[in-house]
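One is the number of the first residue; the rest follow in order along the sequence. If you're wondering where the values come from, they're calculated on a predicted model, not measured in any experiment.
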Amino acid sequence: MNPLRVMLVDDHPVVCHGLRKMLEAPADIEVVGQAGDSAEALEKLRALRPDVAIVDIGLPHASGIELVKTAAEYGIATRCLVLSAHRGGDCVLRAIKAGARGYLPKDGVEATALADSVRRVGRGELVLHPDIANDLALALVAPQDSDNTPPLTEREAQVLRLIAQGMQNKEIAGELSLTVATVKHHVGRVLGKLGAGSRTEALVKAQKLGLLAEHNGPR
């Protein structure tokens, strides 16, 4: 029986390396490629035609959700498993509606569970981590006109304000004296709380909620 062919889509090389290490032990799974942004990912998905793609949402240029949707529109049969720090129920719902066949949190995922999820997605099952399933259920039953946005921490509010100023992760890291990895974590938390799949969408939602005005005072 041929191994399940998997592609990794994440703009952080360390994450891709870690995922490779987690998936290289099972004999029935083979990592056949990786990509760091949505454009490269789409090109490799069309060329490699892997069985499963593990996709991060916070990709440069276009979000992972947009990648999943575009791949489906192009008729690419690869099944996508989202592995992301974004935990908002709205974000999960958008990913599933776009065509994702699974959604797992980045933090705390173990090698055995990841490999099992890849196999299940490869078989066509819908795979949701229990916490993710709970977030999705809450998003589905919440009144459409209510504001269920979790409050931002002070650090997340700072990161949001700097995103609004057009700063990228490296610039934000320098401004706040943080590592780029830490900034990326905070950006993921902000997008997750706002139920956004991209920075642009996060800013639009933050503007509607008055978050930018609220946190736009002196630093």
Strictly distance-based, threshold 3.5 Å: is any side-chain N or O of [X] a donor or acceptor partner for the main-chain N or O of [Y]?
{"X": "Lys193", "Y": "Pro151", "answer": "yes"}
{"X": "Thr78", "Y": "Pro50", "answer": "yes"}
{"X": "Ser117", "Y": "Ala113", "answer": "yes"}
{"X": "Lys44", "Y": "Gln34", "answer": "yes"}

Using the rule that Ile, Leu, Val, Met, Phe, Trp and Tyr join whenever any side-chain heavy atoms are under 4.5 Å apart, tell me whether [X] and [Y] fall into a single cluster.
{"X": "Val32", "Y": "Val118", "value": "no"}
{"X": "Ile163", "Y": "Val180", "value": "no"}
{"X": "Leu126", "Y": "Ile65", "value": "yes"}
{"X": "Met167", "Y": "Val183", "value": "yes"}
{"X": "Val121", "Y": "Ile76", "value": "no"}

Compare every heavy atom of [Y] with every heavy atom of [X], then report the nearest pair and how far apart it is.
{"X": "Ala27", "Y": "Pro3", "answer": "O-CB, 3.9 Å"}
{"X": "Ala98", "Y": "Val68", "answer": "O-CG1, 3.7 Å"}
{"X": "Glu171", "Y": "Gln168", "answer": "OE1-N, 2.8 Å"}
{"X": "Leu48", "Y": "Gly33", "answer": "CD1-CA, 4.2 Å"}
{"X": "Gly36", "Y": "Pro60", "answer": "O-CD, 3.5 Å"}
{"X": "Ala95", "Y": "Val82", "answer": "CB-CG2, 4.4 Å"}

Can you confirm whether [X] sits close enough to [Y] that some side-chain heavy atom of one is under 4.5 Å from a side-chain heavy atom of the other?
{"X": "Lys97", "Y": "Leu93", "result": "yes"}
{"X": "Glu201", "Y": "Ser63", "result": "no"}
{"X": "Asp11", "Y": "Lys184", "result": "yes"}
{"X": "Lys106", "Y": "Asp10", "result": "yes"}
{"X": "Arg119", "Y": "Asp28", "result": "yes"}
{"X": "Leu128", "Y": "Ile96", "result": "yes"}
{"X": "Tyr103", "Y": "Ile57", "result": "yes"}
{"X": "Ile54", "Y": "Leu114", "result": "yes"}

To the nearest 0.5 Å, tell me how far [X] [atom1] sits from [Y] [atom2].
{"X": "Leu42", "Y": "Glu40", "atom1": "CG", "atom2": "CD", "value": "11.0 Å"}
{"X": "Leu191", "Y": "Lys205", "atom1": "CG", "atom2": "NZ", "value": "9.5 Å"}
{"X": "Leu59", "Y": "His12", "atom1": "CG", "atom2": "NE2", "value": "13.0 Å"}
{"X": "Leu209", "Y": "Leu194", "atom1": "CG", "atom2": "CG", "value": "6.5 Å"}
{"X": "Met7", "Y": "Leu45", "atom1": "CE", "atom2": "CG", "value": "4.0 Å"}
{"X": "His185", "Y": "Leu178", "atom1": "NE2", "atom2": "CG", "value": "11.0 Å"}

One thing to verify: whether [Y] and [X] come together as a salt bridge, which I'm taking to mean a side-chain N less than 4.0 angstrom from a carboxylate O.
{"X": "Glu125", "Y": "Arg101", "value": "no"}
{"X": "Glu43", "Y": "Arg46", "value": "no"}
{"X": "Glu30", "Y": "Arg5", "value": "no"}

Audit row: Asp56, Leu8, side chain to side chain contact (heavy atoms under 4.5 Å, CB included) steps and yes/no: CA-CA 9 Å; Asp56 183 24; Leu8 310 175; over 6 Å; no
Just do the side chain to side chain contact (heavy atoms under 4.5 Å, CB included) check on Val187 and Leu160 with the steps written out, would you? CA-CA 8 Å; Val187 171; Leu160 175 63; over 6 Å; no
Evaluate the criterion side chain to side chain contact (heavy atoms under 4.5 Å, CB included) for residue pair Val159 and Leu152; output intermediate values, then yes/no. CA-CA 10 Å; Val159 170; Leu152 301 181; over 6 Å; no
Before giving the answer on salt bridge (charged side-chain N to carboxylate O under 4.0 Å, His left out), spell out for Arg161 and Glu156 the whole-Å C-alpha distance, their side-chain angles and the decisive distance to 0.1 Å. CA-CA 9 Å; Arg161 185 182 66 241; Glu156 290 164 356; over 6 Å; no
Side chain to side chain contact (heavy atoms under 4.5 Å, CB included) between Leu83 and Val55, worked out: CA-CA 6 Å; Leu83 183 66; Val55 180; over 6 Å; no
Looking at Glu73, I want to see if its CD is surrounded by more than 12 non-hydrogen atoms of other residues, nucleotides or ligands under 6.0 Å. yes
Heavy-atom neighbours of Lys69 NZ exceed 12 at 6.0 Å: no
Quick one: salt bridge (charged side-chain N to carboxylate O under 4.0 Å, His left out) partners of Asp51, sequence neighbours excluded? none
Decide yes or no on side chain to side chain donor-acceptor pair (under 3.5 Å) for Gln158 and Arg155, but give the supporting numbers first. CA-CA 5 Å; Gln158 289 176 320; Arg155 180 63 82 189; 2.8 Å; yes
